Amino acid sequence: MKTNPGRFFEDYRIGEVIRHAVPRTVSGGERALYHALYPARGALYSSDEFARACGLPQSPVDDLIAFHVVFGKTVPDISLNAVANLGYAEGRWLAPVWPGDSLRSESTVIGLKENSNGKSGNVYVRTRGINQRGEVVLEYVRWVMVRKNRADAPSPDAVVPDLQKVVPAADLVIPEGVDFSGYDFTLAGEPHRWGDYAVGEKIDHVDGVTIEEAEHMLATRLWQNTAKVHFDATFREDGKRLIYGGHVISMARALSFNGLANAQMIVALNGGAHANPCFSGDTVKAWSEVLDKAETAAPGVGAIRLRLVAVKQGAAPFALKGEDGKYAPEVLLDLDYWALMPI
Amino acid sequence: MKTNPGRFFEDYRIGEVIRHAVPRTVSGGERALYHALYPARGALYSSDEFARACGLPQSPVDDLIAFHVVFGKTVPDISLNAVANLGYAEGRWLAPVWPGDSLRSESTVIGLKENSNGKSGNVYVRTRGINQRGEVVLEYVRWVMVRKNRADAPSPDAVVPDLQKVVPAADLVIPEGVDFSGYDFTLAGEPHRWGDYAVGEKIDHVDGVTIEEAEHMLATRLWQNTAKVHFDATFREDGKRLIYGGHVISMARALSFNGLANAQMIVALNGGAHANPCFSGDTVKAWSEVLDKAETAAPGVGAIRLRLVAVKQGAAPFALKGEDGKYAPEVLLDLDYWALMPI
Amino acid sequence: MKTNPGRFFEDYRIGEVIRHAVPRTVSGGERALYHALYPARGALYSSDEFARACGLPQSPVDDLIAFHVVFGKTVPDISLNAVANLGYAEGRWLAPVWPGDSLRSESTVIGLKENSNGKSGNVYVRTRGINQRGEVVLEYVRWVMVRKNRADAPSPDAVVPDLQKVVPAADLVIPEGVDFSGYDFTLAGEPHRWGDYAVGEKIDHVDGVTIEEAEHMLATRLWQNTAKVHFDATFREDGKRLIYGGHVISMARALSFNGLANAQMIVALNGGAHANPCFSGDTVKAWSEVLDKAETAAPGVGAIRLRLVAVKQGAAPFALKGEDGKYAPEVLLDLDYWALMPI
């Protein structure tokens, strides 16, 4: 058999390192497409001049481009036979990705736990994105529920990694040179600085985008994520194409510009849940909540921890969970991340 | 309130200079997307070699890329609460935009006139697109009708700028170095030179393009124009997403290649009206009329003033206005511009 | 008449050389779009690092980008009045195309044969794609059935070129420097090498992509192929937009990664038929058959001759032709090509 059937639960071993295929060089082309696919307006990722004024040599590609490229490579090895994408933790952006950089991905299996039904199990991997100089630009833990292929495959000893609920502010990596002391709030689009945000504050980002099949497929292919369910209308019984969760992440993050224009760089992913599936025709909106704030050693740079929630049409204001603790059906995404903001 | 509510009529002051947010670096990515979004075939904007043979160091990005990027930045400050986009005047392209250039926009309020109903008023701005060297690459006047927020806000003294009906040929700026004396008409796609066009001549550009939601949204986002009405199907009562007028401009201009392949560079925008709204599913066609011709000082370079009309399905040949002087319902755009053409 | 009516059968002369219009510079933008439009994952075309490890100075643009760009230019001169695209032969890629290269196209008329009904005839052209250094990067023969404009135009003497059924392995051109002796199969995505494939072997590539109007139009415009039938929903009586056959070629080739990840470079096009039309909403899948294998003089490099078949929903496994020798109605494409693969 020449085609890749994907790995099943019994194919993973604790400690195993999986080198994922198809390295990728990114360029101004990927950046332009990102701006076409999402209403992304972060000035630092839009203008080389603005980035230079913030202490960087040029504008890096969006942090989520780095995430999607690194993530996309893991799909054939990690989630081709996944039943569910269960969570993220301990995500950190460790170095900017510049146009011209080539990225590859590597994952280490750090946890395995078979489900009691014996038909599937949870696989925990720590994934690293590595550039052409061998530098780790991004790392994160992800866990997915993966089907077993053979019901009689022996159960591995359960190993569940002890993961941080939140990346400690002290562990955030500020890219070399970043200096917001001369930050131009007018050019950035909003006057609100780190000091203007209060923990507990919620922001309705107002704008909405109705999703088209062509757009989510363009995006998902761009990251070389080729899971059938996103592309093949004959695959699911209902004829719908499930939208890649990362498309919703980028859409929500871009929408959050309106109210968080100065939350410039994503430096950590504390956790995240794809609460409900998203389909073409859905209109995505977003709201955020300030979860925490921290100072950093970089000049003029504060860190802000944000909950980013994507919802679809029909959602109540600031919709999240019901009294039963379950996500409201209109909630698509609940993401917890750290960003850098001028003080 | 952290989100941007936009400005209302009473928020503008004569003489005020508004620095618009989110500067943007353009690259080969934007150019490639432009070629994917529009049937653009102007050789000078397609090939570095062809541009060099015309005296330029390389191929600039399409003049309308420059226009859209500069225009998009003004939306949050000028037209977020606009009821209507009323007109353009005195538009001039002053320098080419090269891949790698970073653009920002600035507008000066040059006119204010409250409507007699006291609910809105016209705002006139002169917008300048400025590159990373501080050079103005494009300037134009635009006026829009903007809602008042408070009915009791005092009316400003009416100031209506005296605008040129047409940019005089003597004021056209030919980019440095442009020389059409060795122009290759075969590579450009058509044999017709400046001398072959007669004032009053009309050209039906024949081809048509049916518009898709995904395409106009990709384009509009690419220019960081994030007006809700273009993206959110839940925003208008009829569930339709209004297509950004600039998308129709670029579509019509690209279609006009067939008959005007040698109208290479746009150097002035004399005026323009978005006559009727355009929606997904409409099939856009275009026709042009030669309004004027002028010589220039550059070798081999003539100027041609063109009316560019975009129409949709059902339009009569060369449809424009009815006997009542109003645009026919199938007319989408009526644009008046100067282009450079080999003599 | 200023617009291009296209050539009719009686307008071609044996030996005539047609220089096609609109040269094109390609960049990282075209590459990024190619990755967004197709599930392309060939490592050599994705990563500069991987390409260097294969002996190239950087990653070239996909061989099919070169093909589409060169082909697109020929449309206004060759197939604007074509009734049918009949075949390809003797296609060879002669040099890689790098980001920054500028391509133009030239066709020589090598065959003419009027049909017995006197209403149309077959035109055979040998097309060459030429870069800014005057190097031929690609050549192929294509023949199309073209309408006559005047029924009384005299019939030319019939000339039917003697075309090779298959490009001989000895005529394949291996790009300078290509060396697969240190090939990284893990990064490439599959362990199967040239020696693992047997002549006669068939591979079902499993994945499918449902086609959207926006996507095929973006792709077709990107190659500056502006044939009305692909874009204008009012053109055909059934209101359908016919999908450019090259879109199906690229889709099928990209899908063939799953099972042929190491068939890295296309070096020859032996023949091809667009068996049935493809429309938006079709779900495209692909299968391949190994037709032949050959050694090459380049280190570690083998050649593999493949049949690539694209089918749509409802196709039987490995669907091709019925007992009547005609293509099954679900078959979209039957392509015969040579690729390079690590031994």
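Predicted, not measured: the structure shown is a model, and the values here were computed from it. Letters A, B, ... mirror the listed sequences (proteins, then strands); counts begin at 1.
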Participant: How many angstroms lie between CZ in B/R24 and NE2 in A/H35, if you round to the nearest 0.5 Å?
Facilitator: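 Spacing of CZ (B/R24) from NE2 (A/H35) equals 5.0 Å.
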Participant: Can B/R221 and A/E215 be counted as an ion pair, charged N to O under 4.0 angstrom?
Facilitator: yes
Participant: Out of curiosity, A/M251 CE to B/F231 CZ, how far, rounded to the nearest 0.5 Å?
Facilitator: 9.0 Å
Participant: Please classify the contact of B/H20 with chain A as side chain, backbone, both or neither, using a heavy-atom distance under 4.5 Å.
Facilitator: backbone
Participant: Please examine the side chains of A/R41 and B/P76, heavy atoms only from C-beta on, and report whether any two atoms are closer than 4.5 Å.
Facilitator: yes
Participant: Heavy-atom distance under 4.5 Å to chain B: side chain of A/E201, backbone, both or neither?
Facilitator: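 Interface part for A/E201: side chain.
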Participant: Measure the spacing between CD of A/Q313 and OG1 of B/T234 and express it to the nearest 0.5 Å.
Facilitator: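 The CD atom of A/Q313 sits 7.5 Å away from the OG1 atom of B/T234.
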Participant: Is it the side chain or the backbone of A/A254 that comes within 4.5 Å of chain B heavy atoms, both, or neither?
Facilitator: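 For A/A254, neither part sits under 4.5 Å from chain B.
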Participant: Go through the atoms of A/T283 and report whether side chain, backbone, both or neither lie under 4.5 Å from a heavy atom of chain B.
Facilitator: side chain
Participant: Who wins among A/Y197, A/F257, A/F50 for the most heavy-atom pairs under 4.5 Å with chain B?
Facilitator: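 Option with the greatest count: A/Y197.
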Participant: Might you point out which heavy atoms bring A/A188 and B/A21 nearest each other, and give the distance in Å?
Facilitator: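 Heavy atoms only, the tightest pair is C-CB, 4.1 Å.
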Participant: Which heavy atom of A/L187 sits nearest to which heavy atom of B/P23, and what is that distance?
Facilitator: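 What the structure gives for the nearest pair is O-CD, 3.5 Å.
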Participant: Looking at A/D48, is its backbone amide N or carbonyl O close enough to the side chain of B/T25 to form a donor-acceptor pair, meaning the two atoms are under 3.5 Å apart?
Facilitator: yes
Participant: Quick one: pull up CG in B/N4 and NE2 in A/H205 and give me the separation to the nearest 0.5 Å.
Facilitator: 14.0 Å
Participant: Contact part of B/A233 toward chain A, heavy-atom cut-off under 4.5 Å: side chain, backbone, both or neither?
Facilitator: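 For B/A233, backbone and side chain are both near chain A.
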Participant: May I ask you to name which of B/E30, B/R19, B/K228 has the most heavy-atom pairs under 4.5 Å with chain A?
Facilitator: B/R19
Participant: Show the nearest heavy-atom pair for residues A/T210 and B/M217, with the distance to one decimal.
Facilitator: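 Smallest heavy-atom distance, with atoms named: O-CE, 3.3 Å.
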Participant: So that I can tick it off, tell me whether A/D196 and B/K2 are bridged by a salt bridge, with the cut-off set at under 4.0 angstrom between side-chain N and carboxylate O.
Facilitator: no
Participant: Give a yes or no on this: more than 12 heavy atoms of other residues, nucleotides or ligands lie within 6.0 Å of atom CD of B/E176.
Facilitator: no
Participant: Would you check if B/L33 and A/L33 make a side-chain contact, meaning some heavy-atom pair closer than 4.5 Å?
Facilitator: yes
Participant: What option among B/D77, B/L37, B/I18, B/V22 has the most heavy-atom pairs under 4.5 Å with chain A?
Facilitator: B/V22
Participant: Measure B/R104 against the heavy atoms of chain A and call it side chain, backbone, both or neither at under 4.5 Å.
Facilitator: side chain
Participant: Tell me, side chain or backbone of A/L218 under 4.5 Å from chain B's heavy atoms, or both, or neither?
Facilitator: side chain
Participant: Roughly how far apart are B/M1 CE and A/D204 CG, rounded to 0.5 Å?
Facilitator: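 Result: 9.0 Å between the selected atoms.
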Participant: Select one option (side chain, backbone, both, neither) describing which atoms of B/P99 are under 4.5 Å from chain A's heavy atoms.
Facilitator: neither
Participant: In Å and rounded to the nearest 0.5 Å, what is the OG1 to CG distance from B/T226 to A/N258?
Facilitator: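 Going from OG1 on B/T226 over to CG on A/N258, the span is 7.5 Å.
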Participant: Which region of A/E49, side chain (C-beta onward) or backbone (N, CA, C, O), has a non-hydrogen atom less than 4.5 Å from a non-hydrogen atom of chain B, or is it both or neither?
Facilitator: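 A/E49 touches chain B through backbone and side-chain heavy atoms alike.
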Participant: Is it true that the side chains of B/S27 and A/R31 contain a donor and an acceptor less than 3.5 Å apart?
Facilitator: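 There is no such pair (donor and acceptor under 3.5 Å, judged by atom type) between the side chains of B/S27 and A/R31.
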Participant: Check whether A/I203 gets within reach of chain B through its side chain, its backbone, both or neither, counting any heavy atom under 4.5 Å.
Facilitator: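 The side chain, not the backbone.
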Participant: Quick check on the interface: out of A/G29, A/A43, A/P39, who has the most heavy-atom pairs with chain B under 4.5 Å?
Facilitator: A/P39
Participant: What residue, out of B/Q132, B/E212, B/Q224, B/E213, has the most heavy-atom pairs lying under 4.5 Å from chain A?
Facilitator: B/Q224
